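Below you'll find the structure, written out as structure tokens, and then a few comments.
Predicted model only: the values in this text are computed from it and were never measured. A note on names: the letters A, B, ... follow the listed sequences, proteins ahead of strands, and every chain is numbered from 1. Excluded from the calculations below are hydrogen atoms, water molecules and symmetry mates; all remaining heavy atoms, backbone and side chain alike, are included.
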Protein chains: 2
Amino acid sequence: MKKRIRIKDIAAQAGVSPGTVDRILHNRGNVSEKARNAVEEVLKQVGYRPNIHLSGLSLKKTYEIVITTPHASHGEYWESIHNGIREAIDQHESIHIKTTYLTYDQYNIYSCQNVFTQILILMPDAVIIGPTFKDETIELANKLAEKNIPFTFVDSMVEGTSPLAFYSANHYICGYLMCKLLKSLIPESSDIGVLQAIRIGDQSANTSILRRKGAYDYLTEANFSNQIHTIQFSVYEAQGNEDKMNEFFSSHPNVKGVIVLNSRGNVVANFLEKNKINDVRLVCVDLTKPNICALKNGRINFLIDQNPDYQGYMAMKTLLEYLILQTKPKVENYMPLNIVTKETIDLQLEFNFLKKI
Amino acid sequence: MKKRIRIKDIAAQAGVSPGTVDRILHNRGNVSEKARNAVEEVLKQVGYRPNIHLSGLSLKKTYEIVITTPHASHGEYWESIHNGIREAIDQHESIHIKTTYLTYDQYNIYSCQNVFTQILILMPDAVIIGPTFKDETIELANKLAEKNIPFTFVDSMVEGTSPLAFYSANHYICGYLMCKLLKSLIPESSDIGVLQAIRIGDQSANTSILRRKGAYDYLTEANFSNQIHTIQFSVYEAQGNEDKMNEFFSSHPNVKGVIVLNSRGNVVANFLEKNKINDVRLVCVDLTKPNICALKNGRINFLIDQNPDYQGYMAMKTLLEYLILQTKPKVENYMPLNIVTKETIDLQLEFNFLKKI
DNA sequence: AACCTGTTTGTGTACGTGCACAAAGATAAT
DNA sequence: ATTATCTTTGTGCACGTACACAAACAGGTT
């Protein structure tokens with residue numbers, strides 16, 4: 001049981017006052033070469049780890065942190081990320097934090113541009129970004145970097161930026177896995193359907209694209225010789241989707257398995273339910289309420305959880321520790337992909353809830 | 001952004017001094033009815049949540065906590081539980097804790113009895129129990145309850161005891177799930193093998209028994225009409241096991257899938273590898289190094305993770321919060337059962353590691 | 001009333017850290 | 001040498017909580 005090392009101890013060992021050590025630890029300047037060297041020498045030896053909860057206790061500053069993601073109302077996925085962020089703040093209650101949630105319409109590029117402009121005006125201490133539009137995100141990232149404002153990504157990473165860290169599912173592996181699981185559920189002779197959303201504008205950062213690539217690569221590797229059909233899907237027009245699925249399933253009767261690359265798996269599940277199509281297996285992503293429902297009633301066979309709450313939690317935690325302790329985190333962080341079934345869903349949900357860590 | 005409520009605030013509102021509030025919060029006695037009522041009234045209204053990290057700061061007491069489990073050397077499973085326990089202690093660094101690890105041989109009842117006697121002599125402030133022998137555990141639990149020493153279970157719960165909480169996988173569902181997954185991997189016509197360890201003595205708390213029940217119940221529900229064969233397995237005699245498996249697989253050529261109810265799935269995997277049996281699928285439990293290896297090389301198809309590190313973490317965290325803040329936790333806590341495959345294992349491992357929460 | 005005894009209440013300090021402010025040196029200008 | 005200015009260093013307080021100790025009160029006995 002080794003004794004914890006304090007600022008006071010370091011000061012004594014280096015032959016200076018605690019104040020001087022504090023100035024060095026926080027880069028406040030006004031320290032002589034001599035003192036700096038002495039203290040840094042000691043620091044190297046002892047491996048000082050400050051206690052963030054006590055730091056917060058006497059910290060005067062209030063940190064302003066902006067969180068920008070698609071509107072949470074567009075799905076519980078983003079809500080979970082927001083919950084994780086709040087959890088991290090709760091845990092660091094001794095630190096004064098002012099959060100501003102600036103969400104945008106993920107299907108409207110102007111909404112996103114507008115919000116990103118606001119962020120730069122606000123000049124926050126840090127930013128959490130849930131990206132959608134690639135070019136806009138890169139521009140924001142560059143401007144933040146210019147101003148030395150640290151930022152983290154949740155949900156996905158955008159190439160060409162230098163975040164403090166990102167927390168994302170590995171969407172490629174996710175797609176790969178979905179197809180592998182689906183294959184184990186359907187007859188050898190069956191075709192496969194791949195459902196994805198239609199997007200307005202060009203956003204190549206899109207998670208669905210990575211998932212799709214993973215899915216196709218799996219099928220290639222597994223020498224899948226039957227047909228693969230794509231279903232395009234609009235997020236807005238419910239009736240149009242109904243028609244499209246109707247047409248799809250009647251013209252492709254040999255499709256016995258479908259993967260849904262976005263979080264709207266429940267729409268397909270409901271369609272199958274309504275039309276009494278009982279021999280089509282479904283593998284989907286995201287533990288949204290309707291998806292959970294469809295998993296429980298057996299329409300969805302496997303559901304992949306990307307741990308959005310944990311993403312948000314870590315994105316915020318990382319920022320706070322960087323702001324207060326200058327801790328440099330691991331940059332690339334891929335979430336575990338949890339495979340959830342009818343049997344394990346309740347355990348999974350309870351866990352996520354009590355992940356009050 | 002609601003302001004945090006402090007002891008001082010409560011005191012002011014109740015018209016007493018902070019010292020009095022403190023006495024009430026910590027049941028130190030010597031408080032008049034009048035003062036107690038006034039303070040408890042305020043407490044009801046404001047919902048005071050003390051900050052455990054600051055409590056630790058001025059706490060004089062050193063808590064002695066005993067952890068008793070099977071030897072960690074018997075498998076990385078218990079080591080993971082121990083790691084979780086250490087993690088919780090790390091996080092509450094401001095609290096003075098003295099831990100004593102008293103491990104026993106899980107195949108030797110005398111070893112267990114011996115260790116449990118020692119615990120009672122030590123008179124610790126709290127105990128974490130990883131149970132194996134049912135009767136001995138019940139006796140220990142009763143004696144601890146008599147002395148008002150709180151305790152938590154990890155790995156499994158023993159009926160007839162009243163722990164502060166337990167953190168365990170739902171072994172029944174685990175077995176059920178294993179069979180369900182295995183079924184999706186093998187031909188319709190295949191038989192199934194169920195491998196379990198031989199135990200010395202009678203321990204009906206055994207996790208394997210619950211898993212087995214789950215497995216059989218699944219097969220019944222799914223109207224499985226082929227044969228189910230049991231393989232008995234000794235943990236000690238490696239050569240004997242080799243012979244047993246040899247006999248088993250040659251006399252049951254129609255077994256194309258096996259579930260292993262204990263953590264030694266890798267033994268079967270290695271046997272299949274060595275004997276070039278390529279058409280038998282395996283579903284196993286626990287992310288031990290050899291199991292991970294067998295998963296990666298494709299011999300094990302699904303591996304179930306019971307989150308042992310999280311069990312240990314919560315078991316310790318719960319005790320600390322009870323000791324310091326008198327927080328009464330949720331008693332029954334079943335871990336999520338994570339289904340891990342070749343594709344997701346690396347993500348899962350990285351996550352467990354950085355679960356530095 | 002004066003004293004003792006036991007109960008109830010209030011006050012003050014320590015814990016580790018951040019930061020404001022005072023003190024002490026150092027350098028330059030008069 | 002004195003003063004002013006700037007740099008470097010040290011000191012002390014606040015934060016929220018636990019706990020030791022002192023103060024105040026109540027009741028009973030002489």
Side-chain angles (χ1 to χ4, degrees), chain A residues 3-39 43 46 48-63 92-97 125 320-321 323-327, chain B residues 3-40 43 46 48-63 91-97 125 320-321 323-327:
Chain A
K3 179 122 181 61
R4 176 155 200 85
I5 188 110
R6 301 160 301 172
I7 286 183
K8 202 203 275 190
D9 301 323
I10 296 167
Q13 212 171 320
V16 296
S17 77
T20 304
V21 176
D22 175 75
R23 273 183 284 271
I24 290 167
L25 285 173
H26 296 88
N27 301 317
R28 277 194 244 283
N30 288 337
V31 181
S32 67
E33 261 326 288
K34 206 176 96 188
R36 160 161 278 120
N37 290 336
V39 171
L43 279 176
V46 299
Y48 172 66
R49 273 198 323 144
N51 184 327
I52 195 167
H53 302 286
L54 302 185
S55 298
L57 190 56
S58 47
L59 198 63
K60 294 287 196 305
K61 187 171 170 55
T62 294
Y63 289 102
H92 296 90
E93 44 177 338
S94 47
I95 297 157
H96 302 107
I97 303 164
D125 295 290
L320 292 178
E321 297 194 344
L323 289 172
I324 294 161
L325 312 174
Q326 275 87 46
T327 316
Chain B
K3 179 121 179 59
R4 176 156 200 82
I5 189 110
R6 301 159 301 171
I7 286 183
K8 203 203 276 191
D9 302 323
I10 295 167
Q13 212 171 320
V16 294
S17 77
T20 304
V21 176
D22 175 74
R23 272 182 285 271
I24 291 166
L25 286 173
H26 296 87
N27 301 316
R28 275 193 246 283
N30 288 336
V31 181
S32 68
E33 263 324 289
K34 206 178 99 189
R36 159 160 280 120
N37 290 337
V39 171
E40 274 173 354
L43 279 177
V46 299
Y48 171 66
R49 274 198 324 143
N51 184 328
I52 195 167
H53 302 285
L54 302 185
S55 299
L57 189 58
S58 46
L59 197 63
K60 293 286 195 306
K61 187 169 168 56
T62 294
Y63 288 102
Q91 244 177 69
H92 295 90
E93 44 179 337
S94 48
I95 297 158
H96 302 108
I97 303 163
D125 295 290
L320 292 179
E321 297 194 343
L323 289 172
I324 294 162
L325 313 175
Q326 275 86 45
T327 316

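- Every residue meeting the side-chain hydrogen bond (donor to acceptor under 3.5 Å, both in side chains) condition with B/E93, not counting sequence neighbours, appears here in chain and number order: A/R4.
- Here A/K8 pairs with nothing under the side-chain hydrogen bond (donor to acceptor under 3.5 Å, both in side chains) rule; sequence neighbours left out.
- B/R28 places its CZ atom 16 Å from the P atom of C/dT8, with the value rounded to the nearest Å.
- Atom CG of A/L325 and atom C1' of C/dG16 are 13 Å apart (whole Å).
- Rounded to an integer number of Å, the gap from A/H26 NE2 to C/dT17 P is 10 Å.
- With sequence neighbours left out, the side-chain contact (heavy atoms from CB on, under 4.5 Å) criterion links B/E40 to B/I24, B/R36.
- Between A/K61 and A/D125 there is a side-chain heavy-atom pair separated by less than 4.5 Å.
- Rounded to whole Å, atom P of C/dA20 lies 11 Å from atom CG of A/L59.
- Residues forming a side-chain contact (heavy atoms from CB on, under 4.5 Å) with B/Q13 (at least two apart in sequence, or on another chain): B/V42, B/Q45, B/V46.
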Counting primed atoms, P, OP1 and OP2 as sugar-phosphate and everything else as base, the B/S/- map of nucleotides 9-14 of chain C against protein heavy atoms under 4.0 Å is BBB--B
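- Over its length, the helix from C/dA1-D/dT30 to C/dT30-D/dA1 turns its helix axis by 80°, as judged from the five terminal pairs at each end, rounded to 10°.
- A/L25 is not listed as a side-chain neighbour of A/V39, based on a closest heavy-atom distance of 4.5 Å or more.
- The shortest non-hydrogen separation linking B/A35 to B/V16 is CB-CG1, 4.4 Å.
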Identify every side-chain donor-acceptor pair in residues 49-58 of chain B under 3.5 Å, counting partners at least two apart or on other chains, and give the distances.
from, atom 1, to, atom 2, distance (Å)
B/N51, OD1, B/H53, N, 2.9
B/N51, OD1, B/L54, N, 3.4
B/H53, NE2, A/H53, NE2, 3.3
B/S55, OG, B/N51, O, 3.1

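- Taking only side-chain nitrogens and oxygens, A/R6 never comes nearer than 4.0 Å to OP1 or OP2 of C/dC15.
- In this structure, the CD1 atom of A/I10 is 12 Å from the P atom of C/dG16, given to the nearest Å.
- Boundaries of the chain A contact region on DNA chain D are D/dT8 to D/dG16, first to last in 5' to 3' order (nucleotide atom under 4.0 Å from a heavy atom).
- Residue A/Y48 has a polar side-chain atom (N or O) positioned under 4.0 Å from OP1 or OP2 of C/dT17.
- A search for side-chain hydrogen bond (donor to acceptor under 3.5 Å, both in side chains) contacts involving A/D22 returns A/H26, A/R28, not counting sequence neighbours.
- A/I5 places its CD1 atom 15 Å from the C1' atom of C/dT17, with the value rounded to the nearest Å.
- Heavy-atom nearest nucleotides on DNA chain C were determined for B/L57 and for B/E33, and the one closer to the 5' end corresponds to B/E33.
- Residues satisfying the salt bridge (Lys or Arg N to Asp or Glu O under 4.0 Å) criterion with A/R6, sequence neighbours excluded, are A/D9.
- Under the rule for a side-chain contact (heavy atoms from CB on, under 4.5 Å), the partners of B/S17 that lie at least two apart in sequence or sit in another chain are B/T20.
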